[in-house]
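Report on one structure; see the data block that follows.
Each chain gets a letter, A, B and so on, in the order its sequence line appears, and its residues count up from 1.
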Amino acid sequence: MWHIIQSSTPQLLAAGFKYTIPIAIISFIIGLVIALITALVRLSSKKGFFYILKAIFRFYVWLFRSTPLLVQLFIVYFGLPYLKIQGIFPNGIQLNPVIAGIITFSLNTGAYCSETIRASILSIPEGQWEAAYSIGMTKTVVLRRIILPQAIRISLPPLANSFISLVKDTSLAASITIVEMFEVSQQIAAQNYQPLVMYSLVAVYYAIFCTVLTWLQGYLEKVTSRYVTTSAE
Amino acid sequence: MLKIENLTKTFGNHQALDHISTTFPENKTTVIVGPSGSGKSTLLRSLNFLEKPESGHYHFDDLDIDLSKPVSSSTILNIRRQTEMVFQGYNLFPHLSVIKNVMEGPIYVLHKDRATAKKEAAELLAKVGLAEKADVYPAQLSGGQAQRVAIARSLAMHPEYIFLDEPTSALDPELELEVLKVLLQIAKEKQSMIIVTHNLAFAKQVADKIIFVEDGKILFDGSEPDFFGTDNQRILDFISAMTFSDLEE
Ligand SMILES: Nc1ncnc2c1ncn2[C@@H]1O[C@H](COP(=O)(O)OP(=O)(O)O)[C@@H](O)[C@H]1O
Ligand SMILES: [Mg+2]
């Protein structure tokens with residue numbers, strides 16, 4: 001068994017560093033940007049055009065939270081090639097599997113994270129807005145200087161949760177032909193007839209990635225929470 | 001000079017302010033007193049548009065605003081830059097150190113450079129007796145210290161008016177005293193202030209003008225000696241309730 005572990009580890013880790021980790025990180029960063037925009041639009045009190053925009057973003061969040069991620073991946077990778085629109089996409093939308101994966105993972109995690117960010121902004125006491133407005137700040141400055149820095153601290157644990165979920169969910173990318181870590185473990189298992197060992201081994205590597213992320217989360221929480229200490233003087 | 005005419009504000013079917021008209025003289029301290037729920041906070045918050053009254057007129061220097069019409073956000077920003085609010089619950093920014101709380105407005109609203117803002121903030125903290133607390137976070141302050149930082153934060157904007165809504169109601173008497181001393185000092189320096197307070201001993205010392213509000217209406221509007229020398233029974237009852245003078249009978 002030791003021999004199997006030793007011989008397959010380089011292939012697994014190579015796939016992990018080539019696909020699993022980059023896809024997770026890139027998708028999460030894009031997802032956070034989408035999430036922040038979505039949260040801010042949905043919290044905006046503007047009327048008119050924003051009303052339509054808010055409805056669109058609400059629909060987006062609903063859609064991605066109420067359908068399975070695997071189905072979303074299939075639609076984007078296998079389905080979009082059949083979306084043939086005269087003049088714009090006469091041959092449908094054919095995406096490279098990694099691009100399709102990143103798009104889907106970003107939109108999916110963006111939908112979940114937008115709810116996290118929205119809730120954390122709403123949890124900041126009204127008095128913070130009022131104090132900042134009294135100083136004469138515009139809404140944008142209040143958000144940037146006063147509300148978001150506090151909201152980020154609050155949303156850190158749930159956002160880290162989303163990231164850790166995303167790392168594990170990248171294993172679904174195997175189903176759209178991406179040769180990421182889980183796909184490699186399947187291929188090796190098919191050759192050496194050791195599925196128990198191979199799938200346990202890949203589970204261990206996912207666990208190690210996620211544990212490192214948990215440490216990173218702990219560190220970030222400590223850094224961003226310095227001001228909460230109520231230590232006596 | 002700040003002046004309001006027929007200011008009216010309704011929450012649901014409750015008329016919190018009922019045609020309030022008065023002036024708040026410059027370089028003077030106006031104290032607002034009255035029972036709980038009488039509309040004192042609503043009045044103060046209307047003055048910097050944290051509440052939007054539905055009718056009345058608002059005069060501030062050469063601004064003349066008809067409150068029954070929408071007020072542009074640039075007008076509101078302009079007024080808020082010249083008026084500061086000090087809250088009962090301090091509302092310091094918990095993620096910023098004490099000195100950065102004071103520097104925030106000068107840098108991000110008045111666009112002063114960081115060095116100037118820092119120098120002024122340090123001077124203001126010294127003025128409120130908190131020079132040594134510059135680098136701690138608000139969570140490490142006592143209530144009295146936090147409120148003095150909030151006062152320094154408002155002074156840093158060089159406002160025409162400072163509005164204070166029960167600034168010491170959350171404080172123990174000992175801590176209250178340290179805040180009141182600072183306010184008396186600022187009043188002596190001719191900072192225009194409007195203070196809502198239940199502390200009539202303090203009102204007597206600091207007020208140039210007193211307004212008594214009840215049920216959203218002004219029952220008294222005059223000088224400090226006239227208020228304490230009134231023969232209006234309702235006000236006499238209020239004063240004796242607030243100063244516990246009935247307890248001795
Ligand atoms: N945001 C609000 N929504 C509904 N009612 C309010 C609101 N703010 C104040 N009120 C009501 O308006 C009245 C005056 O309140 P307030 O100005 O806070 O009184 P005071 O500061 O004198 O105690 C009270 O009856 C209060 O319940
Ligand atoms: Mg009040």
Side-chain angles (χ1 to χ4, degrees), chain A residues 36 40 43-51 116-117 119-159 217 219-233, chain B residues 41 44-45 47-51 73-74 76-98 100-111 132-133 135-142 145 149-150 153-159 161-165:
Chain A
L36 184 61
L40 291 179
L43 287 171
S44 144
S45 51
K46 287 204 183 80
K47 303 262 158 43
F49 168 67
F50 258 75
Y51 194 81
T116 302
I117 293 175
S120 65
I121 290 175
L122 286 172
S123 75
I124 305 299
E126 192 58 27
Q128 291 291 303
W129 286 95
E130 293 187 346
Y133 278 143
S134 294
I135 288 174
M137 288 184 177
T138 60
K139 187 167 183 181
T140 316
V141 176
V142 179
L143 269 171
R144 187 164 56 82
R145 293 291 313 167
I146 307 300
I147 305 300
L148 286 179
Q150 297 183 59
I152 283 167
R153 182 187 71 79
I154 295 170
S155 55
L156 211 58
L159 288 181
Q217 173 193 353
Y219 170 75
L220 282 176
E221 278 179 31
K222 219 166 91 190
V223 171
T224 56
S225 301
R226 267 183 303 216
Y227 66 84
V228 204
T229 49
T230 41
S231 66
E233 294 143 46
Chain B
S41 296
L44 213 52
R45 291 163 58 83
L47 297 180
N48 77 343
F49 293 87
L50 287 179
E51 303 287 355
S73 49
S74 64
I76 292 179
L77 275 180
N78 179 15
I79 291 168
R80 284 182 179 158
R81 273 167 206 195
Q82 303 177 63
T83 60
E84 290 307 312
M85 181 77 88
V86 172
F87 302 86
Q88 183 179 344
Y90 332 125
N91 296 358
L92 294 180
F93 305 130
H95 60 300
L96 300 175
S97 68
V98 161
K100 286 192 173 149
N101 263 272
V102 181
M103 292 159 62
E104 195 70 4
I107 292 178
Y108 293 96
V109 176
L110 305 178
H111 305 292
E132 81 285 6
K133 295 288 181 194
D135 295 317
V136 310
Y137 284 104
Q140 289 158 278
L141 299 176
S142 72
Q145 292 168 339
V149 173
R153 178 172 72 177
S154 68
L155 288 171
M157 297 299 291
H158 299 289
Y161 284 85
I162 302 180
F163 309 140
L164 303 100
D165 192 0

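In terms of heavy atoms, A:I146 sits closest to B:E104 at CD1-OE2, 4.0 Å. The two residues B:F93 and A:A131 come nearest to each other via the heavy atoms CE2-CB, 4.0 Å. Across all their heavy atoms, B:M157 and A:I135 have their closest contact at CE-O, 3.1 Å.
Interface remark: B:F87 contributes side-chain atoms only to the contact with chain A (heavy atom separation under 4.5 Å). Neither the backbone nor the side chain of A:T224 comes within contact range of chain B, judged by heavy atoms closer than 4.5 Å. Contact of B:L96 with chain A is made through the side chain alone, with heavy-atom distances under 4.5 Å.
In this structure B:N48 satisfies the side-chain contact (heavy atoms from CB on, under 4.5 Å) test together with A:S134, B:L50, B:R80, B:T83, B:M85, B:F163, sequence neighbours excluded.
For chain A, the option among B:L92, B:I79, B:N78 with the highest count of heavy-atom pairs below 4.5 Å is B:L92. Between chain A and the options B:N91, B:L110, B:L77, the largest number of non-hydrogen pairs under 4.5 Å is found for B:N91.
The CG atom of B:D165 sits 10.0 Å away from the CD atom of A:E130 when rounded to the nearest 0.5 Å.
Classification of the B:H95-A:Y227 ring pair by plane angle, with boundaries at 30° and 60°, yields perpendicular.
For A:K139, the NZ atom sits in a packed shell: over 12 heavy atoms of surrounding residues, nucleotides or ligands are nearer than 6.0 Å.
For residues 120-129 of chain A, the set of pairs meeting the side-chain hydrogen bond (donor to acceptor under 3.5 Å, both in side chains) definition, not counting sequence neighbours, comprises A:Q128-A:Q150.
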